[in-house]
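In what follows, a single structure is set out as structure tokens and then discussed.
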Amino acid sequence: LKLWVGDPDEEGHEGRLWELSLGGANLIYLALKLLEFEKVKKENKIANFILIEEPEAHIHTHIQKTLFQKLDKEKTQVFISTHSTHISSVCEISSMNILGRGKQRAHVYAPSNKLEPEKITKLERYLDANRTNLLFAKGVILVEGDAEHILIPEIIKKAFGVSLDELGISIINIGSTGFENVAQLFHKDRVHRNCSILTDNDISIVELPDDPKDDSQYERDCRNSQISGADRKEKLELFCKDNSFVNPFYAKHTFEVDFLIEGNSFEVIQTVEKAYKKQADIDRITKLLKDGDVAVSGKEVLRLAEKFGKGWFAIMVSEQISNITAIPDYILDAIVFACPTLNESILCSIAKYRLRKLKDNHYTGDVTDHQSLLSKITLIEDPTEALEYFTNELPDDLLSTLISKLNA
């Protein structure tokens, strides 16, 4: 007998065993081992166990998912250790344990512990490969739409020089699914990870009449959004009340409006200049975006987001993000809560990054000698002293704001 290998894409091809990839060899070995337990040793053993360490190595994404969906576990108890979101996305959370690293010890969390069966089923349907990375994260931020999912990671990376991935934070777009469905994973009975919820208060950008009967159509839409926002906030506050691992953070109006009025009209105007060809249109929109009345500027940025699509508009704006882009307070608060890894070493790296960037790209009218500050802070060996120096010299800098929130 000889073992030949082939490929479903090359019908009729028969290759020799040494042509097999390591992933293919692993699959054959696993299949034969399961067969051995089923056919050969079932009479002689009380129980059969297989322990598989990180089977994702050398196995194609689709094969990973197919293999573990079809794995026959009736006659063999299979234990799998994995970092693969593809494998975790097809595994039942009721059969999962999450291993976390603590101070000189390991923590074990059961994500389905004390959850009702119907809630477990909904979670398993929802957690695809793009979302199961929250099971591997050190902290989680849940957002409600594409705009936040696209822009927030880019803002953090450009402002602080570190990505959310480097900080161990997963940002998850829950789409139309309620926050509670996912946030329930993070609880003292389940996964001990901080989870920030970012959502909109939807407070009207225009002053509403005392009597709703006097509303125009636009005012009626604003009022309805405001009522929905208040209702959503009430439910979230109740949901998070006795859970120290979940905390909601709110934009006053909406993400786009709060991003604009934080001081980021320049980024949006730059986007408009690239998107429009007629100078008259650019001038008209620029005037509206620069208006100090949020009823005017807010309405215009929401119109632009609606015109291009919120996700696509966020991609366009992300190309204009820089180290001096302002970050709304509620987003900074969410990051501080979700991120347990913002130690002094990371903060010192951020301080040096910001000084290097500010040296070449700073706010109009800023005459600070950032090169001199960079030279001095580099010589300070003690991280606590270095950060104190930074915050004293640049008290209004974005990093100084972040440090004050961490120390609050």
Side-chain angles (χ1 to χ4, degrees), residues 137-144 148-149 151-172 179 183 186 192-201 233 236-237 240-241 243-255 257-264 321-355 357-358 363 368 373 377 380 382-408:
K138 295 178 180 177
V140 174
I141 298 176
L142 303 181
V143 297
E144 65 178 47
E148 297 94 328
H149 193 218
L151 265 178
I152 290 175
E154 189 66 19
I155 295 172
I156 299 303
K157 188 173 181 179
K158 291 287 179 65
F160 296 133
V162 292
S163 66
L164 291 179
D165 287 331
E166 289 176 83
L167 296 174
I169 297 177
S170 287
I171 183 166
I172 308 296
F179 287 112
F186 306 97
H192 293 191
R193 293 283 184 268
N194 282 1
C195 173
S196 295
I197 296 175
L198 281 181
T199 187
D200 300 332
N201 246 350
K233 182 176 182 178
L236 274 177
E237 295 291 339
C240 300
K241 183 179 178 183
N243 187 352
S244 61
F245 291 100
V246 183
N247 206 353
F249 301 90
Y250 308 93
K252 182 179 180 180
H253 304 291
T254 67
F255 172 69
V257 173
D258 282 50
F259 174 79
L260 176 74
I261 63 177
E262 188 66 26
N264 296 317
I321 300 299
S322 72
N323 61 295
I324 58 173
T325 297
I327 303 179
D329 251 18
Y330 79 102
I331 295 177
L332 281 178
D333 290 333
I335 290 166
V336 167
F337 180 76
C339 184
T341 56
L342 275 174
N343 54 42
E344 288 186 335
S345 176
I346 294 173
L347 292 172
C348 282
S349 295
I350 293 173
K352 292 170 185 175
Y353 165 83
R354 285 196 61 76
L355 289 171
K357 288 294 183 179
L358 287 168
Y363 300 101
T368 304
L373 294 180
I377 201 172
I380 302 174
D382 181 59
T384 303
E385 187 181 339
L387 292 174
E388 286 180 359
Y389 175 77
F390 184 94
T391 54
N392 288 334
E393 293 295 326
L394 299 172
D396 298 324
D397 187 79
L398 189 60
L399 176 59
S400 298
T401 303
L402 179 66
I403 291 171
S404 69
K405 289 180 180 295
L406 284 167
N407 296 332

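Owing to the predicted nature of the structure, the values given are computational and were not obtained by experimental measurement.
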Subject >> Sub-4.5 Å side-chain heavy-atom contact between Phe249 and Ile331 >> reply: no
**OP:** Would you check if Asp329 and Thr401 make a side-chain contact, meaning some heavy-atom pair closer than 4.5 Å?
**Re:** yes
**OP:** Dump the intermediate steps for side chain to side chain contact (heavy atoms under 4.5 Å, CB included) on Ile155 and Phe259, then the final yes or no.
**Re:** CA-CA 11 Å; Ile155 295 172; Phe259 174 79; 3.7 Å; yes
**OP:** Take His253 and Ile261, measure what side chain to side chain contact (heavy atoms under 4.5 Å, CB included) needs, and give me the verdict at the end.
**Re:** CA-CA 10 Å; His253 304 291; Ile261 63 177; 4.1 Å; yes
Subject >> Note, Asn323 side chain near Leu358 side chain (heavy atom, < 4.5 Å) >> reply: yes
**OP:** Heavy atoms only: give me the nearest Glu144-Phe179 pair and the separation to one decimal.
**Re:** CB-CZ, 3.6 Å
Subject >> Side-chain heavy-atom pair Leu164, Ser170 within 4.5 angstrom cut-off >> reply: no
Original post:
Which value, rounded to the nearest 0.5 Å, describes the distance between Asn264 atom CG and Leu151 atom CG?
Top reply: 9.5 Å
Subject >> Residue among Ser196, Cys339, Ser163, Pro153 satisfying side-chain contact (heavy atoms from CB on, under 4.5 Å) with Ile169 >> reply: Cys339
Subject >> Atom of Thr391, atom of Glu388 and distance for their closest heavy-atom approach >> reply: OG1-O, 3.0 Å
Original post:
Looking only at heavy atoms, which two atoms of Arg354 and Ala159 are closest? And how far apart?
Top reply: NH1-O, 2.7 Å
Original post:
Between Ile324 and Tyr363, what is the shortest heavy-atom contact and its length?
Top reply: O-OH, 3.1 Å
Subject >> Sub-4.5 Å side-chain heavy-atom contact between Glu154 and Thr325 >> reply: no
Original post:
What is the minimum heavy-atom distance between Phe245 and Phe337, and which atoms define it?
Top reply: O-CE2, 3.7 Å
Original post:
Which heavy atom of Ala183 sits nearest a heavy atom of Val246, and at what distance?
Top reply: O-CG2, 3.7 Å
Original post:
How far does CD1 of Ile403 sit from CG of Leu387, to the nearest 0.5 angstrom?
Top reply: 4.5 Å
Subject >> Option from Ile156, Val143, Leu142, Asp165 for which side-chain contact (heavy atoms from CB on, under 4.5 Å) with Ile171 holds >> reply: Val143
**OP:** Please step through side chain to side chain contact (heavy atoms under 4.5 Å, CB included) for the pair Asn194 and Asn247, ending with a clear verdict.
**Re:** CA-CA 8 Å; Asn194 282 1; Asn247 206 353; over 6 Å; no
Subject >> NZ (Lys405) with more than 12 external heavy atoms under 6.0 Å >> reply: yes
**OP:** Can you measure from OH (Tyr389) to CG (Leu373) and round to the nearest 0.5 angstrom?
**Re:** 4.5 Å
**OP:** Look only at the side chain of Asn243 and the backbone of Phe186, and say whether a donor-acceptor pair between them is shorter than 3.5 Å.
**Re:** yes
Original post:
Could you give the distance from CD1 (Ile197) to OH (Tyr250), rounded to the nearest 0.5 Å?
Top reply: 7.5 Å
**OP:** Kindly compute the distance separating NZ (Lys352) from CD1 (Ile377), expressed to the nearest 0.5 Å.
**Re:** 7.0 Å
Original post:
Is the closest side-chain heavy-atom distance between Leu394 and Phe390 below 4.5 Å?
Top reply: yes
**OP:** Look up atom OH in Tyr353 and atom NZ in Lys157, then write down how far apart they are to the nearest 0.5 Å.
**Re:** 9.0 Å
Original post:
Are any side-chain N or O atoms of Arg193 and backbone N or O atoms of Val140, one a donor and one an acceptor, separated by less than 3.5 Å?
Top reply: no
Subject >> Validation row: Leu402, Leu399 side chains within 4.5 angstrom (heavy atoms) >> reply: yes
**OP:** Determine whether Val257 and Asp200 make a side-chain contact, defined as any pair of heavy atoms from C-beta on separated by less than 4.5 Å.
**Re:** no
**OP:** Any chance you could lay out the side chain to side chain contact (heavy atoms under 4.5 Å, CB included) test for Ile321 and Lys158, step after step, and finish with the verdict?
**Re:** CA-CA 7 Å; Ile321 300 299; Lys158 291 287 179 65; 3.8 Å; yes
